[in-house]
Amino acid sequence: MGAHYFIINDLGSFLDNLEARRYSKRRSNDWVVYSKTVSGALTKHYAYSPSKTDLPTQFRVTYELVKGGKTLQKLVDALKKSNDSYRRALPVWKTKRPRSGVRERRWVNLQRFLHRHSELIDCFKYEADNRLTEGNHSFNLQVASTPQEQKICVEFIKALAEAYDPQSIVRRQRQVDKPVQQRNGWIKRYAELYKKRGWRSFEITREIQKELRGGTWNERSRLQFNLANNTICKIAGLKMPHFSSAWN
């Protein structure tokens, strides 16, 4: 189990704060340990040695995922679902516009999740590494003790990043969800493949036209694309033939 340390000057005030936050107290060998399980997913332990009378007092912080991270995984899945639900209510999403108030309600539900599990989230937030305060490593890698637990923690951090900055999600998804962008990307990949096979520009363009008008692309997208030959050449980065007879 990983651990990080910090130093406190006012021991009494800090212990009062832990008790006010409902941390339980116990003795373990030479240590006094204060523990609390947050959101049913993560147990956080504060420990110090009362035998050392030197001030300031050094604290050790350790973490323990409940059931090897299975409980946290359920919260990750719930947060991802909430993120996805909110994204689909945004104006730029490629779905039917939701009824009035749907987006607001989904946003409120997302904020309620973050508020309800704020103490758990605080265990993952980055704080400056300062030995005189309680500072976690970047993204608090001390939480996980196995590769599987670390994978779950990383998923949680990613979901949190999306929940706290929904506009960045919109920017990333916006281009991907536009049928035109999907179509242009497919044309470029298709053309590159057949250029490597030695096909000429007008041959590649003719094949692309067939696919756009009645081939597999329309089956996937259920959209009809009618493009001029010179437009396809520009998208694909092909050199346009000089003679119209080449298209015949």
Side-chain angles (χ1 to χ4, degrees), residues 1-80 82-83 110-166 168:
M1 182 184 297
H4 67 266
Y5 297 83
F6 68 98
I7 296 173
I8 200 76
N9 290 311
D10 190 344
L11 177 62
S13 297
F14 185 74
L15 296 181
D16 289 342
N17 179 267
L18 291 180
E19 292 177 358
R21 290 158 58 191
R22 299 183 180 179
Y23 274 78
S24 61
K25 178 182 176 182
R26 63 183 173 86
R27 293 294 296 258
S28 177
N29 298 326
D30 295 332
W31 295 86
V32 175
V33 183
Y34 285 80
S35 303
K36 182 180 180 180
T37 299
V38 293
S39 299
L42 175 68
T43 303
K44 187 173 184 179
H45 306 280
Y46 289 96
Y48 74 99
S49 176
S51 60
K52 297 181 180 180
T53 57
D54 297 338
L55 292 177
T57 305
Q58 184 183 63
F59 271 81
R60 182 186 69 187
V61 185
T62 56
Y63 305 85
E64 183 179 357
L65 285 175
V66 176
K67 296 181 180 178
K70 292 182 180 179
T71 307
L72 180 60
Q73 182 65 64
K74 292 181 180 179
L75 293 178
V76 172
D77 295 339
L79 182 56
K80 286 182 177 180
S82 186
N83 283 339
L110 182 57
Q111 297 310 304
R112 284 176 177 170
F113 180 97
L114 298 176
H115 178 73
R116 184 165 61 252
H117 301 289
S118 60
E119 197 166 358
L120 172 67
I121 294 170
D122 286 341
C123 295
F124 288 86
K125 285 184 177 179
Y126 169 78
E127 297 179 24
D129 293 332
N130 187 334
R131 293 183 180 181
L132 298 180
T133 61
E134 183 185 357
N136 300 333
H137 294 286
S138 301
F139 301 113
N140 197 1
L141 299 179
Q142 303 291 352
V143 170
S145 58
T146 67
Q148 179 61 27
E149 288 183 1
Q150 188 176 73
K151 180 181 178 181
I152 296 172
C153 289
V154 170
E155 288 184 11
F156 188 46
I157 291 167
K158 288 180 179 179
L160 288 174
E162 292 181 353
Y164 277 106
D165 192 6
S168 67

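Every heavy atom of this structure was used, including side-chain atoms; hydrogens, water molecules and symmetry mates were not. In this chain, residues are counted from 1 in sequence order.
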Looking at NZ of Lys151 and CD of Gln73, how far apart are the two atoms once the value is rounded to the nearest 0.5 Å? 8.0 Å
At their closest point, which heavy atom of Leu72 faces which heavy atom of Cys153, and how far apart are they? CD2-SG, 4.2 Å
Should Asn83 and Leu110 count as side-chain neighbours, where that means a heavy-atom distance under 4.5 Å? yes
Is Lys80 salt-bridged to Glu155, cutoff N-O under 4.0 Å? yes
Ile8 and Pro56, any side-chain heavy atoms less than 4.5 Å apart: no
Could you check whether any side-chain heavy atom of His4 comes within less than 4.5 Å of a side-chain heavy atom of Tyr63, counting everything from C-beta outward? yes
Check for a donor-acceptor pair, side chain of Ser82 on one end and backbone N or O of Leu79 on the other, with a separation under 3.5 Å. no
Nearest 0.5 Å please: distance from the CG atom of Leu160 over to the CG atom of Leu120. 8.0 Å
Run the side-chain donor-acceptor check on residues 26-41: report pairs under 3.5 Å with partners two or more places apart or on a different chain.
unit_1, atom_1, unit_2, atom_2, d
Ser35, OG, His45, ND1, 2.6
Lys36, NZ, Arg21, O, 2.8
Lys36, NZ, Glu119, OE1, 3.0
Lys36, NZ, Glu119, OE2, 3.2
Thr37, OG1, Thr43, OG1, 2.7
Ser39, OG, His117, ND1, 2.8

Could you please spell out the steps behind the side chain to side chain donor-acceptor pair (under 3.5 Å) verdict for Tyr46 and Lys44? CA-CA 7 Å; Tyr46 289 96; Lys44 187 173 184 179; 3.1 Å; yes
Just so I know, are the side chains of Leu11 and Tyr48 near enough to count as touching, which here means a heavy-atom distance under 4.5 Å? yes
By the definition side chain to side chain donor-acceptor pair (under 3.5 Å), identify the one residue from Asn17, Asn9, Asp10, Asp16 that meets it with Ser13. Asp10
Any side-chain heavy-atom pair from Leu65 and Val143 closer than 4.5 angstrom? yes
Rounded to the nearest 0.5 Å, what's the gap from CD on Gln111 to CG on Leu114? Could you check? 5.0 Å
With a 4.5 Å heavy-atom cut-off, do Ile121 and Tyr164 have their side chains touching? yes
State whether the side chain of Gln150 and the backbone N or O of Thr146 hold a donor-acceptor pair below 3.5 Å, judged by distance alone. no
Parallel, tilted or perpendicular: which fits the ring planes of Phe59 and Phe6, with parallel below 30° and perpendicular above 60°? parallel
